[in-house]
Amino acid sequence: MRLSKYFLPVLRETPKEAEIVSHRLMLRAGMIRQEAAGIYAWLPLGLRVLQKVSTIVREEMDRAGAVELLMPTLQLADLWRESGRYDAYGPEMLRIKDRHERELLYGPTNEEMITEIFRATVRSYRDLPKILYHIQWKFRDEQRPRFGVMRGREFLMKDAYSFDIDEAAARLSYNRMFVSYLRIFGRMGLKAIPMRAETGPIGGDLSHEFIVLAETGESGVFCNSDVLDLPIPGVDVDYDGDLKPIIEQWTTLYAATEDVHDAARFEAETPPEKRINTRGIEVGQVFYFGDKYTKPMKAPITGPDGVERPAQCGSYGVGVSRLVGALIEACHDDAGIIWPESVAPFKVGIANLKVGDGPTDTACAQIYAALEKAGVDVLYDDTDERPGGKFARLDLIGLPYQVIVGPKGLAEGKVELKVRATGARENLPVTDVIARFIE
Ligand code: ATP
Ligand code: MG
């Protein structure tokens, strides 16, 4: 992409309304624009990151055996009356009427709808297990939308739903999702810790919130610092095999949100120097709730014994749009964002320090064309802004690599390669810099 043809409305001033660094940087880097409280337009640079995050989530869901579909944003109120949640949900639910006075709502979540889809066709244990998911916009009329996309009213969520014949089978589905979450956040370069979380009226130990530690997070958390060093399951993890050792490894050390925190247990299990008590951002949650929806909504499954029983279910959310903010909270410095490569909007930025200078234009064009051809995401700053402005903008938008091309370096046959994260700089011939990204 040539910057002269792109749409990247960066802001010079720090927006006053933004309280936390990720919100400030997303506005300054021209990633989002607020259209109403908690409702954002995703501008091109922000959209690229949102799509990269979605792609990682999708790949890992698919790998774990979940199947993608797409449910609508609008749902019938009557469906929610079947589960009893229409009245229970309260003012966070956006309720709408169509021209025929039919009551609709903008979905805050999809347990009812997926149960309706499931019960329409699945009747036998032979068709189980099933994990279905979608990546879709949600609306929750939050009392205090804030921190930009971290607590929006309209936000993008991946939500998966598992259906099983009994609790033991449901636990296997839960474990699959748990492991896939470790991989999802790990691939983004995030340390997201699964923490015991409130299970609500159902009880049991089957809910974990995946939390990224950050002072600006909204949840209070307690954990053993060793949990930060646990290994992420590899790409070859066998989802049909025994996942229990991985779950045990990740749930043995103390890690809990403040809602379920047990101070005595924390102190008994955790040496003083390893006790972390801080705040965190909830980027995902996995939850087993049995027949909470399949029972009232009548979604029975016939077991091998010929007896009908409600399917046993779980739901599994990832805050896709919140993750974009959480990633910036975790990866930035004073100059701006530092994207992990896996989610960067572009991998490489080329800065042409003297547009109009023959050799400089030629070298830039050569690098740009080679990278484009190789399928490397590259943003070429071919604008006539002064070099200082170009450096600041590239640092702000946080692309992992910068290739800086100017007449001075080219006189010695070199261009500069800068690594955004470390600030490391190297002078290389044009062909070598291209080779770095293509090999
Ligand atoms: P929170 O406690 O932060 O309000 P939640 O527990 O109500 O979130 P879930 O129903 O578990 O949210 O939704 C799944 C995921 O969706 C959450 O883990 C979070 O990452 C994301 N999410 C929830 N609410 C919002 C929001 N208002 N804005 C952005 N992301 C959200
Ligand atoms: Mg939650």
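Order of listing sets the numbers, starting from 1, for every ligand and every atom in it.
When hydrogens are left out, the protein atom nearest atom 15 (C) of ligand 1 is Gly319 N, 3.9 Å; that is the closest non-hydrogen contact. Ranking protein heavy atoms by distance to atom 11 (O) of ligand 1, first place goes to Gln285 OE1, 3.1 Å. Protein heavy atom in closest approach to atom 24 (N) of ligand 1: Phe155 CZ, 3.5 Å. Closest to atom 14 (C) of ligand 1 among all protein heavy atoms lies Met157 CE, 3.7 Å.
Within the set Lys158, Glu209, Arg140, Arg144, the minimum heavy-atom distance to atom 9 (P) of ligand 1 is found for Arg140.
With respect to Asp395 and Lys418, a salt bridge is recorded, a charged nitrogen being found less than 4.0 Å from a carboxylate O. The existence of a salt bridge linking Glu111 and Lys292 is excluded, since no basic side-chain nitrogen approaches an acidic carboxylate oxygen closer than 4.0 Å. Under the 4.0 Å criterion applied to side-chain N and carboxylate O atoms, Glu103 and Arg81 are assigned as salt-bridge partners.
Residue-level proximity to ligand 1 for Glu282 is carried by backbone and side chain together, each with a heavy atom below 4.0 angstrom. Under 4.0 Å from ligand 1, heavy atoms of Arg151 appear from its side chain as well as its backbone.
Under 3.5 Å, the side chains of Thr257 and Glu209 contain no donor-acceptor pair of N or O atoms.
Here the closest heavy-atom approach between residue Trp250 and residue Phe178 is recorded as CB-CE2, 3.9 Å.
Of all atoms in ligand 1, listed by their number and element, those nearer than 4.0 Å to a heavy atom of Val149 are 29 (C). The Glu142 neighbourhood of ligand 1 comprises atoms 24 (N), 26 (C), 27 (N), with distances under 4.0 Å to a heavy atom of that residue. Atoms of ligand 1 lying under 4.0 Å from at least one heavy atom of Val283, given by number and element, are 18 (O), 20 (O).
Under a cutoff of 6.0 Å and an axis angle of 45°, Arg153 and Tyr40 do not form a cation-pi pair. In this structure, Arg196 is positioned above the aromatic face of Tyr254, its NZ or CZ under 6.0 Å from the six-membered ring centre and within 45° of the axis. A cation-pi arrangement, defined by a distance under 6.0 Å to the six-membered ring centre and an angle within 45 degrees of its axis, is present between Arg48 and Phe346.
For Gly152, the heavy-atom gap to ligand 1 drops under 4.0 angstrom. Using a 4.0 angstrom heavy-atom cutoff, Met150 counts as in contact with ligand 1.
Checked against the 6.0 Å centroid criterion, the rings of Phe155 and Trp137 do not qualify as a close aromatic pair.
For the pair OE1 of Gln285 and OE2 of Glu282, the angle whose vertex sits at the Mg ion (ligand 2) is 110° to 10 degrees.
Here Glu209 does not reach the Mg ion (ligand 2): none of its N/O/S atoms is less than 2.8 Å from the metal.
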